[in-house]
Amino acid sequence: MIRLYDTLSRKVVELRLRTPGEVSIYVCGPTVYDVPHLGHARTALTYDVLCRYLRWRGLAVRVVSNITDVDDNIIARAAEAGSTEEQVAARFTEIYVNEMTALGVAEPDERPHATGYISEMIEFVQELLDRGVAYVIDGAGVYFDVDRYPDYGRLPHRRPDELRDSAGARVAVDERKRDPLDFALWKAAKPGEPDWESPWMSGRPGWHIECVAMSLGLLGDGFDLHGGGSDLIFPHHENERAEAEAAGHRFAGLWMHSAMVNVGGEKMAKSAGNFRTLADVLALHDPRSLRLAMLQAHYRSTMEIDESVLAGAAAGIGRLDAFARRVGAIGAVDAPARTEDTDAARGAFAEAMDNDMGTPGAVGVVFELLRKGNVALDRGETGAAAAALDTVCELGGALGLRLGAAAVHAEATLEASPAGTPSEAPAPCPSSGAGAADEGIQQRVDERQAARSARDYATADRIRAGLADDGVELEDTPTGTIWRRVR
RNA sequence: GCAUCGGUGCCCGAGCGGACGAAGGGAGCGGCCUGCAAAGCCGUCUAUCGCGGGUUCGAAUCCCGCCCGAUGCUCCA
């Protein structure tokens, strides 16, 4: 039974599916007016891991994640850059998608753009107007009438009067609104702003209606799970919920929110001067290191990211890869499909993940199995080691961690038996092989081996040092020397 | 101010009434293995679980108070 924390009920509840075996998920994507930062990475990674795990559990997952490409920030950005809103949105959408791909975040099944759903939004606003839960203010926009939705405030767990007290505290309230809490479904366009025709006035959609139209439009009423960053709980998600339900639609079955990333003890934000772009991190680190670092914290706890955290995770990735190399170096062996250790690991892994996506525990399980695999290898129990590697790869894969991304070169594996043997590592695991450019290196490795055999360690060490200068690292194993590029 | 979440070893970070004699990762140190490295293994630093009360046969886990921090109430992932 898969259980997740539901923001609405504030409880860890069973994930109930609208259709058995199929999970429908909507994740709020970015507003594309700037480059992605670590917070976007954490949110994307959280739901990427959720989907991968659900698929590993045998469920069919359909995930929709939008791109908000009409918004005040985009308009402001276009104005200051002297370009159009379309250009700004297109540029940052491309960057976002590229960086998510680099991060290893799987493409959602659908990535709708808000601008592609304007007519659906207009219909939806009309539906709300027809039901009398929205009203038009001439020249300003169409507003949702919060008083007509008695459940308002349940998601953020605030009573409307509490919310009302702070509404307008920092934002000027249009006094023509019936209630300060009322929010825009449709905004009248100011001169020069992008706009669409509507039955009320030319303008553009409000933020919340965009997600309602896209989620309900693509996934249908009562889809299973709605996710996003915790900073979206209010007002965005609450307003989405109000709009959808007030229009008579059953909305999300479960609300999931991932926590924020802090830098230097504070929420990362441009205004705090601690803004870290994803590109900055990706330029310095293996994307898997960022993923591991985030996996090692629970998705609901605020986490701190700094160089030491990243470096620590990088070392962990190094161990994972080293294990794959060691096992790879022994070549093909008869590996049992399962052992006591792999069965136990699978069980513990699922147990951790089923319990509100306990990735830190799940990662712990993977590392424990890795250690057992290494012990088996040290003992010469190659079958058990290979079985452990298979499972480490499989479980790592369910978390989006691929092993052995760096090329590994080993004579032993070059001579290994044909593909398809039982011990052959599954797809995400390392494959080896030497390209033409590597022949020179292999030759030097062979020369060093010859020197070692002749006990001419001075020569052997000189060759090794030379290779190190060229960015090639060696590891002597019982089955031969393996080498890899470290830069 | 109101609300929510959190304070666990040198660092990150799980656990959330009994299997905790507190996972896992990282850093340091010692040992084993290795011609030497690398990789690996073992050990260690390494835990009065923010402070003070209480409930309980039993509390890191529940309750009360206090201190500290972050977040939300505002565009925000």
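Just so it is clear, the model here is predicted, and its values are computed rather than measured. In what follows, chains carry the letters A, B, and so on, assigned in the order in which the sequence lines appear, proteins first and then strands, with residues in each chain numbered from 1.
Rounded to whole Å, the C1' atom of B/G26 lies 14 Å from the corresponding atom of B/C45. Taking atom P on both nucleotides, B/C62 is separated from B/U4 by 16 Å, rounded to a whole Å. For B/C32 and B/A22, the C1' atoms lie 28 Å apart once the distance is rounded to whole Å. When the C1' atom is compared between B/U61 and B/U8, the two are found 12 Å apart, to the nearest whole Å. B/G28 and B/A70 have their C1' atoms separated by 30 Å, given to the nearest Å. With both ends at atom P, the span from B/C51 to B/C67 equals 16 Å, rounded to whole Å. Annotation: B/A60 and B/G18 have their P atoms spaced 11 Å apart (nearest Å). Distance noted for atom C1' between B/G9 and B/U44: 13 Å (whole Å).
Listed nucleotides B/A77, B/G35, B/G13 differ in distance to A/H37; the shortest reach to its side chain belongs to B/A77. Relative to the side chain of A/A297, the nucleotides B/A77, B/A14, B/A37 differ in distance, and B/A14 lies closest. Side-chain proximity of A/N262 to B/A14, B/A70, B/A77: nearest is B/A70.
Partner A/Y53 forms a side-chain contact (heavy atoms from CB on, under 4.5 Å) with one of A/L395, A/D354, A/T359 and no other, that one being A/D354. Here the options are A/R464, A/Q449, A/R444, the test is side-chain contact (heavy atoms from CB on, under 4.5 Å), and the partner is A/L474; only A/R464 passes.
Looking at heavy-atom distances under 4.0 Å, A/F234 makes contact with sugar-phosphate atoms alone, never a base.
Spacing between atom CZ of A/R379 and atom C1' of B/C41 amounts to 10 Å, rounded to whole angstrom units. The nearest whole Å value for the distance from the CG atom in A/D231 to the P atom in B/U71 is 11 Å. The CD1 atom of A/I305 sits 12 Å away from the C1' atom of B/G13 (whole-angstrom rounding). Rounding to whole angstrom units, CZ of residue A/R158 and C1' of B/G72 are separated by 8 Å.
Each ring-ring contact (aromatic ring centres under 6.0 Å, His included) pair with one or both residues in residues 342-400 of chain A, not counting sequence neighbours, appears once here: A/W56-A/F349.
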Open item on the list: For a quick check, with a 4.0 angstrom heavy-atom cut-off, what is the B/S/- contact string for nucleotides 23-31 of chain B, read 5' to 3'?
Closed with: BSSS-----
Task: Pairing annotation in dot-bracket form, given for RNA chain B with Watson-Crick or G-U pairs under 3.5 Å and | for cross-strand partners - done: ((((((((.[[[..)..(.....]]].(((((.......))))).....[[[[[..)....]]]]])))))))....
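With hydrogens and angles ignored, a donor-acceptor pair closer than 3.5 Å exists between the side chain of A/D476 and the base of B/C36.
The closest side-chain donor-acceptor pair between A/Y33 and A/D72, if any, does not fall under 3.5 angstrom. No side-chain donor from either of A/R111 and A/N66 sits under 3.5 Å from a side-chain acceptor of the other. The closest side-chain donor-acceptor pair between A/T101 and A/N98, if any, does not fall under 3.5 angstrom.
Of the two residues near RNA chain B, A/R10 and A/P30, the one whose nearest nucleotide lies more 5' is A/R10. Heavy-atom distances to RNA chain B give each of A/L474 and A/N374 a nearest nucleotide, and the one nearer the 5′ end belongs to A/L474.
Outside the 6.0 Å centre-distance limit, the rings of A/H237 and A/H208 are not counted as a close aromatic pair.
Here A/S301 reaches the OP1 or OP2 of B/A14: one of its side-chain N or O atoms lies under 4.0 Å away.
Put simply, the side chain of A/E99 never gets that close to the backbone of A/Y96: no donor and acceptor are under 3.5 Å apart.
Under a 4.0 Å N-O distance rule, the pair A/E307/A/R276 qualifies as a salt bridge.
For the residue pair A/K177 and A/D182, the shortest heavy atom distance occurs at NZ-O, 2.5 Å.
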